[in-house]
Amino acid sequence: MVFHVAKSRFSSEVEHISFPADAVKVRYDMIGLEEFGGWAPAHIIGGEGAADILTGYIKRDELFSEDGIQKLNSLAELVDAMDMEAQNIFAGALRLENTDNLDDVLRVAGSLDNYEMFPSIKTDEELGHFLVDTGPITGKFVFAEEAKPYLDYAKIGAEQRKLLNGVHSDHGFVKRREVVQEQAVGSKPKFLLTLTSPTGTVRLNLPAFEDDLEQAKRALGLDSLDSAVIRDAEIGYAWAHLIPMDSITLEDANTLAQCVRAMSKRELKVFGAVLEVEEPSSLYDAGCTAMDLDDYELVDSNEGEYGREALRRAGADDEVLDMLDGFTDFDALGRFEMEEDGVRETSFGSVRRLSAPWPREPELGQAMG
């Protein structure tokens with residue numbers, strides 16, 4: 001990494017400072033340069049290869065401090081290893097992050113994998129065309145063919161550039177990779193609605209927030225998503241078949257998705273068990289159950305252990321339980337307590353309702369009678 005340092009771009013006296021470098025030597029070169037022909041501050045006016053990208057990002061004082069030189073030496077190792085593609089991404093990423101100090105520059109240089117470049121996209125109009133052309137693949141910005149000649153591609157691109165937090169550069173469109181978002185979505189199964197209107201189709205990941213909903217409205221050409229038709233709903237959870245889909249609305253689906261997204265793995269099992277018992281008549285009812293999930297819990301299906309747990313809830317400690325062991329039919333006690341607590345067996349585990357136990361399930365003979 002080599003910087004060209006001078007008092008101005010028009011100065012005939014230029015120092016070519018190569019990094020990694022010794023702090024004492026860099027200060028010596030800087031002092032000699034600034035005092036030549038009358039004192040004036042010097043600054044980086046350019047560089048060789050990738051170092052030229054850093055013009056304007058490195059402050060003068062950092063060339064005088066021990067800490068600054070150490071950071072520049074670390075930066076040199078990263079910059080010297082960059083190929084042309086990485087250099088182009090680096091330049092765009094520095095603009096994207098509004099970098100204003102050496103620490104930020106180092107952070108960006110060391111995390112280029114967090115950014116991606118689209119070399120064929122250099123304007124908002126080109127971005128708009130790209131989004132519409134890839135609509136059938138991404139499920140976003142799907143328009144009828146006859147509508148495409150009338151689309152304002154530059155406006156679509158400008159709006160999405162802001163939403164994507166990207167920037168155009170001479171080498172292409174640069175934005176952050178959606179690593180965090182993909183991990184968040186990928187950490188749990190999908191919850192997806194397909195919305196249609198006379199002018200297009202949108203696949204909407206739920207939960208969707210204000211920006212997502214506004215984007216969907218623009219893509220569908222609607223003032224309100226209430227008038228969109230829900231063509232399909234995909235819920236990638238083991239209990240999805242227990243939720244009725246015949247009266248689904250976007251608001252109800254989004255509410256349920258928000259609740260589900262916040263659930264732990266155990267809570268997802270509790271929810272599945274409750275759905276199996278409650279048999280909700282609509283997606284709205286399922287959402288109400290999700291919001292009231294604290295009223296339910298999974299319990300040990302072993303009758304003996306359930307009997308012991310009942311005694312613990314009554315105040316018995318392990319010493320008392322050890323004394324009773326061999327003199328108490330814990331299995332019989334557990335069966336009785338399970339009936340009293342309204343415990344239900346489901347494919348997701350044994351579950352009970354805390355506020356008011358479910359009624360006892362009828363015996364086989366009673367049910368037939």
Side-chain angles (χ1 to χ4, degrees), residues 1-36 39-119 122 161 164-184:
M1 182 174 76
V2 179
F3 288 131
H4 307 319
V5 185
K7 294 180 180 180
S8 74
R9 290 190 174 275
F10 308 104
S11 176
S12 59
E13 189 70 18
V14 179
E15 281 287 349
H16 307 286
I17 303 179
S18 179
F19 292 87
D22 177 74
V24 174
K25 182 179 184 307
V26 173
R27 282 197 297 270
Y28 178 82
D29 291 342
M30 289 292 296
I31 291 171
L33 184 63
E34 292 187 339
E35 291 184 348
F36 179 81
W39 185 90
H43 57 274
I44 296 170
I45 61 170
E48 295 181 11
D52 191 51
I53 298 168
L54 296 167
T55 303
Y57 290 103
I58 310 300
K59 298 180 174 62
R60 168 188 175 275
D61 290 349
E62 288 161 341
L63 296 170
F64 280 90
S65 73
E66 185 76 33
D67 183 57
I69 299 302
Q70 289 180 358
K71 291 177 181 178
L72 286 169
N73 288 341
S74 298
L75 183 60
E77 294 181 16
L78 296 171
V79 168
D80 289 342
M82 292 180 186
D83 59 17
M84 186 56 66
E85 180 183 4
Q87 291 179 28
N88 293 339
I89 293 175
F90 185 38
L94 289 174
R95 289 182 55 196
L96 175 63
E97 301 294 356
N98 294 315
T99 310
D100 63 357
N101 61 66
L102 186 50
D103 287 329
D104 287 344
V105 172
L106 262 172
R107 177 179 54 80
V108 172
S111 58
L112 291 187
D113 287 343
N114 292 343
Y115 305 89
E116 58 185 337
M117 171 174 281
F118 299 83
K122 297 179 181 177
R161 171 174 48 78
L164 293 169
N165 288 321
V167 295
H168 294 299
S169 73
D170 293 338
H171 305 289
F173 179 68
V174 177
K175 72 178 189 70
R176 298 184 191 93
R177 290 188 188 275
E178 298 177 357
V179 174
V180 174
Q181 181 181 346
E182 288 169 0
Q183 289 175 341

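Everything numeric here is computed off the predicted structure, so don't read it as measured data.
Nearest heavy atom pair, residue Val5 against residue Ala42, reads CG1-CB, 4.0 Å. Met117 and Ser169 make their closest contact through CE-OG, 4.0 Å (heavy atoms, listed as atom of the first residue, atom of the second, distance). Residues Thr99 and Asn101 come closest through the heavy atom pair CG2-O, 3.7 Å. In this structure, Leu75 and Ala109 approach most closely via the heavy-atom pair CD1-CB, 3.7 Å.
Listed for the Ser11 side chain is no donor-acceptor partner under 3.5 Å among the backbone atoms of Ser8.
Residues Ile58 and Leu102 have side chains in contact (heavy-atom distance under 4.5 Å, counting atoms from C-beta outward).
Sorted by first then second residue, the side-chain hydrogen bond (donor to acceptor under 3.5 Å, both in side chains) pairs that include residues 75-95, not counting sequence neighbours, are Asn88-His171. Applying the side-chain hydrogen bond (donor to acceptor under 3.5 Å, both in side chains) test to pairs two or more places apart or on separate chains, those with a residue in residues 58-70 are Glu34-Arg60, Asp67-Lys71.
Within the model, atoms CG of Leu106 and CG of Leu72 stand 8.0 Å from one another, a figure rounded to the nearest 0.5 Å.
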Below 3.5 Å, can you tabulate the donor-acceptor pairs from side chains in residues 12-23 to any protein atom, sequence neighbours excluded?
from  : atom 1 : to    : atom 2 : distance (Å)
His16 : ND1    : His4  : ND1    : 2.9
Asp22 : OD2    : Val24 : N      : 3.1
Asp22 : OD2    : Lys25 : N      : 3.2

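Partners of His168 under the ring-ring contact (aromatic ring centres under 6.0 Å, His included) rule, at least two apart in sequence or in another chain, are Phe173. Checked against side chain to side chain donor-acceptor pair (under 3.5 Å), Glu97 has the following partners two or more places apart in sequence or in another chain: Tyr115, Arg176. Remark: Asp104 engages Arg107 in a salt bridge (Lys or Arg N to Asp or Glu O under 4.0 Å) (not counting sequence neighbours).
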